[in-house]
> 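I have a structure here, written as structure tokens, and I will follow up with some questions on it.
Proteins come first, then strands; the chains are lettered A, B, ... in the order of their sequence lines, and each starts at number 1. Here the structure is a predicted model, which is why all the values come from computation and not from measurement.
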2 protein chains.
Amino acid sequence: MSRSGADLALLLLAGFRTLADRATAELADRGFEDVRPVHDFALRSILSGADSTSELARRLSVTRQAAAKTIAALEERRYVARQPDSDDRRRTRLRVTEHGLALLRQGEAVFDELREQWEKQSGKASVSTLEETLRSLVGDSAIRLDSPGWIARLPDVE
Amino acid sequence: MSRSGADLALLLLAGFRTLADRATAELADRGFEDVRPVHDFALRSILSGADSTSELARRLSVTRQAAAKTIAALEERRYVARQPDSDDRRRTRLRVTEHGLALLRQGEAVFDELREQWEKQSGKASVSTLEETLRSLVGDSAIRLDSPGWIARLPDVE
DNA sequence: TCAAGATAGGCAACCCGGTTGCCTTTGTCA
DNA sequence: TGACAAAGGCAACCGGGTTGCCTATCTTGA
């Protein structure tokens, strides 16, 4: 009954996308439109201290230019703001706005609800087993993967 | 100990990316460079009967233009070829080349090996439990998801 | 039989999240 | 003070998508 390894990969992808898509939709319902996973990742990094373009770029393992674009998007949507900085090279310091904090809180809540939904469907044990298996396979630290950019890249997780 | 729902999503993504990245690297080692998951999906669809741009587009749930680009890439790499067709609207019919078949075979082998590797690490039971849980959660048919294009879209699986 | 409509294909332009290459500004330190 | 590191940003590009619009061919039914 066990199928090919490719199926396994597809299932993992489908699982992620199911969660991510539902979360995106739910967040849109709650008034946070135009939010993408990458925004959430970036916001978290900024919140935990990445207050400049270069620093954010390092934490997300992307180029400065990519980070700058992400920041521009976040700024446009008022999730982050800039403040003058003493070091005139960097000129501004990033700060997560109240709106941004609200997004993070809602995002967390949404994902938690989705997880609970899964637990209701398959049982708490199944979900945590799944999680444990995966964690042991990809490693706690492997949430930092280096690879081509055909998906929102994963940030460092402090 | 159980963490947030977002972690669950991240783990699924990390799992997929681990497999996909390793597969891509391994295929490159075996002489198939420049191969991306989307190529594999498309090739499989063509092999199982999607012999025109429009048909491939339908199976991959993308626009005809996107399918055309993918086909162009596959053709360039000699994984598919075109043949004249009786219907002059479509003008050509797609065919998977020997080279393309070789890629598919190698791809399957690589994924199977990766799966075995995981089984050695976590035990056969764990991997198949993981798979069963996921299958029940996303559904066998959910491998067709409709959503924004920030990742290689999944094809119909016949 | 022939006009309307469905179907296949393709071009151009754009989006998003990345990249590289190159350049300026500012700060630091020998 | 002058060399260099570090931050930022512009322009151009890429991959895998999108939409809008256009033509060519086949099919059908009045």
> Find the distance B:Glu76:CD to D:dG16:C1' and express it as a whole number of Å.
15 Å
> Tell me: CD1 of A:Ile71 to C1' of C:dG18, nearest whole Å?
15 Å
> A:Thr53 has a side chain; which of D:dT18, D:dG9, C:dG18 sits nearest to it?
D:dG9
> In Å and rounded to the nearest 0.5 Å, what is the CG to CD distance from A:Leu137 to A:Glu132?
11.0 Å
> Pick the nucleotide of DNA chain D nearest each of B:Gln65 and A:Arg82; which residue has the one closer to the 5' end?
A:Arg82
> Looking at D:dA7, I'd like to know if its phosphate oxygens (OP1 or OP2) sit under 4.0 Å from a side-chain N or O belonging to A:Arg58.
yes
> Expressed in angstrom and rounded to an integer, what is the separation of B:Arg93 atom CZ from C:dA8 atom C1'?
14 Å
> Distance only, no hydrogens: is a donor on one side chain within 3.5 Å (strictly under) of an acceptor on the other, for B:Gln83 and B:Arg93?
no
> How many Å lie between CD on B:Glu75 and P on C:dG9, as a whole number?
12 Å
> If only side-chain N and O atoms of B:Ser54 are considered, is one of them under 4.0 Å from the OP1 or OP2 phosphate oxygen of C:dT7?
no
> Rounded to the nearest angstrom, tell me the gap between atom CD in B:Glu55 and atom P in C:dT7.
12 Å
> If the cut-off is 4.0 Å, is B:Thr63 near the phosphate of D:dT18, judged by side-chain N/O to OP1 or OP2?
yes
> Could you tell me how far apart B:Lys69 (NZ) and D:dC14 (P) are, to the nearest whole angstrom?
11 Å
> Nearest heavy atom decides the nucleotide; on that basis, is B:Thr70 or B:Arg64 closer to the 5' end of DNA chain D?
B:Thr70
> For B:Arg78, does the CZ atom sit with more than 12 other heavy atoms under 6.0 Å from it, leaving out its own atoms?
no
> With rounding to the nearest 0.5 Å, note down the distance linking OG1 in A:Thr70 to CG in A:Leu43.
11.0 Å
> Rounded to whole Å, how long is the line connecting atom CG of A:Leu56 with atom P of D:dG9?
13 Å
